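One structure is given below, encoded as structure tokens.
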Amino acid sequence: MNSTRRSYEANVLVVPLGADAVRTQEAFADRGLDRVMTVHGVAELGSTDRADIRLACAPLHRDGWRPSATGLDVDALVDGADMVVLLASDLAEVPPTLCHAVADAARAQGLLIAALIVGSENWDTPRGNTAMAALREAADMLVVVRGVALAAPFLDVLRGGAREPVAAP
């Protein structure tokens, strides 16, 4: 988003949970959010059994903090990240077992786990209630925002945020 110098830049991995979350992350890319990796294939998973999960990882926009890869298990998926962001929009689409599988792999590597809910559709349904409980259990922090206009800058801040260049005295 902002090309100014950063004093610290975290390796952020976004895991979109459902088709609506995939569309939300595409809006992040449209806003130029660079140096963030995202996961592909979550919406197509047939099984959420940790042993069967194989996913792809690629930069969210142009640049990522590691090369694109396919066929990753959850441990390899989170490897190299500083923070994992479980991204949800339609809570009825969130697979609770996948939330826990990714969070367990991240926690085993000492990573910070955030749940970012954008728009929070279907929060008042039985599936939405189950998903919200899973996100609360899986994440170290849970943030709910109204839309992409707030979510994209939030991810930029998690990643390190923009810093003004230091002027020479």
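Bear in mind that the values here come from a model prediction, so they are computed numbers and not experimental data. Numbers for residues simply follow the sequence, beginning at 1.
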**Candidates Leu87, Val42, Ile113 - the one meeting side-chain contact (heavy atoms from CB on, under 4.5 Å) with Val15** = Val42

**Request:** Determine whether Leu86 and Leu135 make a side-chain contact, defined as any pair of heavy atoms from C-beta on separated by less than 4.5 Å.
**Result:** yes

**Prompt:** What distance do Asp63 atom CG and Arg35 atom CZ have between them, rounded to the nearest 0.5 Å?
**Reply:** 7.0 Å

**Prompt:** Can you tell me how far the CZ atom of Phe28 sits from the CG atom of Leu116, to the nearest 0.5 Å?
**Reply:** 5.5 Å

**Message:** Within this structure, what is the OG-CZ distance for the pair Ser89 and Arg23, rounded to the nearest 0.5 Å?
**Reply:** 8.0 Å

**Request:** Flag yes if Leu72 and Val22 sit in one hydrophobic cluster, no otherwise; membership is Ile, Leu, Val, Met, Phe, Trp, Tyr, and two members link when side-chain heavy atoms are under 4.5 Å apart.
**Result:** no

**Asked** Do Pro16 and Thr24 have side chains that get closer than 4.5 Å, going by heavy atoms?
**Response** no

**Asked** Judged by atom type as modelled, is there a donor-acceptor pair below 3.5 Å linking the side chain of Trp65 to the main-chain atoms of Val12?
**Response** yes

**Request:** Check the pair Val145 / Phe154 against side-chain contact (heavy atoms from CB on, under 4.5 Å), numbers first and verdict last.
**Result:** CA-CA 9 Å; Val145 295; Phe154 174 73; 5.6 Å; no

**Request:** Could you note down all residue pairs passing salt bridge (charged side-chain N to carboxylate O under 4.0 Å, His left out) where residues 102-119 supplies at least one of them, sequence neighbours left out?
**Result:** Arg107-Asp140

**Request:** Keeping the roles fixed (side chain from Glu137, backbone from Met132), state whether a donor-acceptor pair exists under 3.5 Å.
**Result:** no

**Asked** Quick one: salt bridge (charged side-chain N to carboxylate O under 4.0 Å, His left out) pairs with a partner in residues 77-90, sequence neighbours left out?
**Response** none

**Closest contact, heavy atoms only, Leu158 versus Met83** = CD1-SD, 3.6 Å

**Asked** Does CH2 belonging to Trp123 count more than 12 external heavy atoms closer than 6.0 Å?
**Response** no

**Message:** Give me the atom names and distance for the closest heavy-atom approach of Arg66 to Leu77.
**Reply:** NH2-O, 2.9 Å

**Message:** Applying the side-chain contact (heavy atoms from CB on, under 4.5 Å) criterion to Val102, which one of Thr97, Val78, Val39 satisfies it?
**Reply:** Val78

**Asked** CG/Leu55 to OG1/Thr70 distance, rounded to the nearest 0.5 angstrom?
**Response** 10.5 Å

**Prompt:** Which heavy-atom pair separates Leu91 from Ala88 by the least distance, and what is that distance?
**Reply:** CD2-CB, 4.0 Å

**Complete:** When every non-hydrogen atom of Leu111 is compared with those of Ala81, the smallest separation belongs to CD2-O, 2.7 Å

**Request:** May I ask you to decide if Ala19's main-chain N or O and Glu93's side chain share a donor-acceptor pair within less than 3.5 Å?
**Result:** yes

**Message:** Donor-acceptor pair, distance only, cut-off 3.5 Å: does the side chain of Thr38 make one with the backbone of Ala58?
**Reply:** no

**Prompt:** Is the shortest heavy-atom distance from the side chain of Cys57 to the side chain of Ser68 under 4.5 Å?
**Reply:** no

**Request:** For Arg146, check salt bridge (charged side-chain N to carboxylate O under 4.0 Å, His left out) against everything at least two apart and list the hits.
**Result:** none

**Prompt:** How many angstroms lie between atom CG of Leu60 and atom CZ of Arg159, to the nearest 0.5 angstrom?
**Reply:** 10.0 Å

**Item:** Heavy-atom closest pair, residues Ala152 and Arg31
**Value:** CB-CD, 3.7 Å

**Prompt:** Of all heavy-atom pairs between Ala101 and Val74, which one has the smallest distance, and what is that distance?
**Reply:** O-CG2, 4.1 Å

**Request:** Following the transitive rule for hydrophobic clusters with a side-chain heavy-atom cut-off under 4.5 Å over Ile, Leu, Val, Met, Phe, Trp and Tyr, establish whether Ile53 and Leu13 coincide in one cluster.
**Result:** yes

